[in-house]
Structure formats: C-alpha cells, structure tokens
Amino acid sequence: MSDQNKIIVRFPPSPTGLMHIGTMRTLLFNFLYAKQHEGNIVLRIEDTDRERSKQEYAEDLFENLKWLSISYDEPIFYQSKRTDIYKKYLHILIEKDLAYISKEATAEEGQRAEVIRFRNPNKSITFSDVIRGEITFDTTELGDFIIAKSANEPLYHFAVVVDDFEMGITHIIRAEDHISNTPRQILLQGAIGAPLPIYAHLPLVLAPDKSKLSKRKHGEFVSASFYRKEGYLPEALVNFLALLGWNPGTDQEIFSMKELIEQFSLEKVQKSGAIFNIEKLNWINKQYIKEMESSAFHEMVLKFLPGEITDDKDFQKNPNLLSLLEPILKDRIVKFSDLAEMAKQGELQYYFRAPILQKEKVCYKKSTLENTITNLEKLVSLIKSLDSFTQDALKEAVDTYSLEVGRGEVMHPMRYCLSGQDRSPDPFTIATIIGRGETISRLQVAINLLKE
Ligand code: GLU
C-alpha cells in the first residue's frame, strides 16, 4: 500500500477518569480496522481540560491497552503540549477573518473576557457515515460558536480538527454521541483547509435496561480496569468487546485477536445501541479459562488466591496440589476473583488441611451414632481394600454399599468428615485429591470423635 493510501486512525481519549469500558470498545474497533488495513494508530491524549485531566488516568489507559494487547504507534501525543500549533491555526483563521476575537461578559459580574469565535458560514453540511449512511445537518443554529477561550486555550472541537489534520487521520471511528459534533468539525476542517476524513459512528454501549453505562449508575462496572482486577482474561474481554456492536453474521462467538483482525468490518457494525451483558462476558471468559494451558492457569490461580492460602504451610507442602485442583477449579470459576470467594466460604482449605469437626454434625439427619460409626468403619475398610485408589473405583465401592444402607447415611458423614462442610464437591473428588492415607485418617478422626 502506498503511503498516500495509508489508513491512519486515532485513539483520542480524555484522561478525566478511569478508562470507560465503552471507550475501550471504541479503541478496539479502531485497532482492528487499522491492523486489518496495515494502517497506523495515533494515540492522542486529549487533556485540554486542565482541571479534570490527570496523568494517573492516562496511566490507567496505557495499562489497559497493554493488558488487552491493543497497540498503538509512538510517540504518544498530548494536546496540552501542542498549544503553539493550535495558536498558529487560530491566528490564520483570525487573519483570514474566518474567526474573530469577541469581548464578552463572563459569569462573574461586571467582568468581560475575550474568546475566539468561528464565523459560521451557516450552511447545510452533509457527510457520509460508513455505518449510518448520509447525514445532513443545518449548522445555522450553531451560530458563531466559540473555538478557544483564548489563544492559549483552544476548545475541544478546534484542537481535534487541527490534530486530525496535522496527524493525517483518514478515518474517524468514534461513538455515536459525537455525531452532533461532526458538522461543527467539518466546518472547521473547511476553514483550515483539511480534507474530509471518513466517519464511522459506532453504537453506544448500553446497560441491559438500555440506559447509558455511567459511573454514577453502574459504579466500577464501567471501568476497564475493574475487569482486570476481577480476574477476567484479556483475550476474553477483547472477544466480548468486539461483539459489542459488531456481528460477524455467523454463529461463531469465540474469536482470537488474529481472527478479529481478519474478520472485522465496519459495514457489519450495527446502528442500534450495543447491550453490555455481563452474563455473556462470563460465558466467554469461562470458555477461555477451560482452554487455558496448565502453567498459565496455575499462575493466575496463585495470583488470585488470597495470601492466607498461598502462605499456608499445608498448602505449600503438596507440589501437585494445583494440578490436582485444576479440573475442579476450571469447572467452578467464571473469573479468577471467584477463588477469593471460594476461600472465604471455606471451599478450598479442606483440599490441603483436615477440617475441625463438630460431633453433632457428623450424623445424617436422625441417624444414630452407632449407625454412623458402623458406616464410617465400613468406609475405612472399603477404602483399604481397593486395589487402586481412583475416583471411579472408590465411587463404585461406596455406591454399592450405600445402596444397601441408604445414600445419605453414607454420603453425608463421608462428605462432612472429609471437608467439614455440609455441601462440597462430591467426596470422591476430595478423597482422590487428598489421597488414600489422608482420607482414612480424616474418617478415623470422626470415628474417634463419635466414640468419645
Ligand atoms: N476526547 C474525546 C472523548 O474522549 C474523543 C473525541 C473524538 O473522538 O473526536 O470523548
């Protein structure tokens, strides 16, 4: 592709808060489009609002982009460092009488300040949007709008238009809430002699009740970093975000980044709002978790398990524990922060440490001490007699016996003695993870307790 035809898109976030998940979706679409066409991606931090812009929010953005493997070109531009460039263009417009300085009353009584207004030619603007088709606006009602508070303080519309021109942006792919800004920006492009870029206005990301996803209403769910902290996988979040407004037109739901770059198309982006459905994200995340390689899975488990578990000597003792737990955990969790909840509920500890039992909880419902002791002793002897201590062999032996005396009579005390919980995954799983010796030992502790 010759340089003349090179596609250049932009990431223009305003660092006034934690990165919004909807903005992340917009950046992803820009990224996919640019990568597909071997184009460039300009990252431009729009920090002209000096009071609200903070470097920490820019850092949050960089971290999220890195986490999601959404890359961009260097250098990174900061609008706050480009005042001289905007000033140059402001002067040109004033010189050509396309803009003028106006002394106006301010909010403070008796005070007047200078602002720079654009001399609106008051025409009808029509542009073609890749997603929405032709859009026409009458710009008369915009009047002579303000483009700078002073020569050193350009406003958003002006800075964006100058930057898009200076940076050679060919495609402006942004959310629908910017449609109404477009006619103003097209007028300014005409004034500074910039060519008309191609526009694609993406549907907004909405909550399930179709309200706008806002921090006030939806709290931390709107920030991209929340998903990182909750232990979603970056590949899963990218996959989910790609489907927020884009539909491949097939049944495929799981996409690698490579497939997204190949298959993405602006033409298949919908016009109507894209609903953010966390259930769908959970489902996608689960698919990715199931497919994880053991080493990567173990690394994430260790990162998300609370310190009280990872620092526990009993936990550290068995080097195979994570491998043994892997299928159970892959089955149970939707995101890695679920591990903390499991630990809090005591659903992990029994895999590496014998529970402390309460005598009155060992017997099933109204079963007697004698019956329970008999059943536990029978279990011990069954376990000792097995040739190999596998889950299937154990289950078969125990099932045969429990059919005779009643399932609950055997399964309840077995489950409780091994886990200290009324509910736990099936006791055969626990038994084979902790091993034959430990299983017998836990059952024996209960027998002794009941005989006290
Ligand atoms: N900085 C603007 C925002 O974060 C984006 C401007 C644009 O896409 O033109 O909303």
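Read the numbers this way: they start at 1 and go in the same order the structure lists the ligands and their atoms.
The shortest side-chain heavy-atom distance between Leu93 and Tyr100 does not fall under the 4.5 Å cut-off. Under the 4.5 Å side-chain criterion, counting only non-hydrogen atoms from C-beta, Arg174 is in contact with Tyr199. Taking 4.5 Å as the limit, some side-chain heavy atom of Tyr232 sits within range of a side-chain heavy atom of Asn282. Looking only at side-chain heavy atoms (C-beta outward), Glu176 and Arg132 come within less than 4.5 Å of each other.
Scanning the protein for heavy atoms near atom 6 (C) of ligand 1, the closest one is Tyr156 OH, 3.2 Å. Taking atom 8 (O) of ligand 1 as the reference point, the nearest protein heavy-atom neighbour is Arg10 NH1, 3.0 Å. The protein non-hydrogen atom at the shortest distance from atom 3 (C) of ligand 1 is Ser14 OG, 3.6 Å. The protein non-hydrogen atom at the shortest distance from atom 5 (C) of ligand 1 is Pro12 O, 3.5 Å. Remark: minimum distance from atom 10 (O) of ligand 1 to any protein heavy atom is reached at His178 NE2, 3.1 Å.
Counting atoms of ligand 1 from 1 in the listed order, those under 4.0 Å from a heavy atom of Glu46 are 1 (N), 2 (C), 5 (C), 6 (C). Of all atoms in ligand 1, numbered sequentially from 1 with element shown, those under 4.0 Å from a heavy atom of Arg174 are 7 (C), 8 (O), 9 (O).
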*Chi angles and distances behind the salt bridge (Lys or Arg N to Asp or Glu O under 4.0 Å) call for Lys6, Glu38*: CA-CA 8 Å; Lys6 188 136 193 129; Glu38 292 168 26; over 6 Å; no
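Screening Phe264, Trp246, Tyr288, Phe240 for a ring pair (Phe, Tyr, Trp, His ring centres under 6.0 Å) with Phe255, the sole residue that qualifies is Trp246.
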